[in-house]
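The structure appears below as structure tokens.
Model, not experiment: these values are computed from the prediction.
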Amino acid sequence: MSDLWHGQSSPEFEVQTILGTASLALRTLGIADSDARAQALWMDRHTAQAA
């Protein structure tokens, strides 16, 4: 999982599982456009980690 998070590995199934889980969580919290927000969070994971 660490390799996936750090971008050293990106198997499509695992990435889609993470995106789907994040999207469901965001939707449960009432966040609009949860699929796009989950994708944005995934793409920004290194930026957020550095802060």
**Request:** Quick one: closest heavy-atom pair of Ala38 and Ala22, and the distance?
**Result:** CB-CB, 3.8 Å
**Message:** Would Leu26 and Leu41 count as a side-chain contact (heavy atoms from CB on, under 4.5 Å) here? Give the steps.
**Reply:** CA-CA 11 Å; Leu26 292 169; Leu41 287 169; 4.0 Å; yes
**Message:** Starting from Leu29, can I reach Leu24 by hopping between I/L/V/M/F/W/Y residues whose side chains sit under 4.5 Å apart?
**Reply:** no
**Request:** With sequence neighbours left out, write down each residue that passes side-chain contact (heavy atoms from CB on, under 4.5 Å) with Gln16, or none if nothing qualifies.
**Result:** Glu12, Leu19
**Message:** Using every non-hydrogen atom in the two residues, find where Ala32 and Arg37 come nearest and quote the distance to one decimal.
**Reply:** O-CG, 3.8 Å
**Prompt:** Would Ile18 end up clustered with Phe13 when hydrophobic side chains under 4.5 Å apart are linked, directly or stepwise?
**Reply:** no
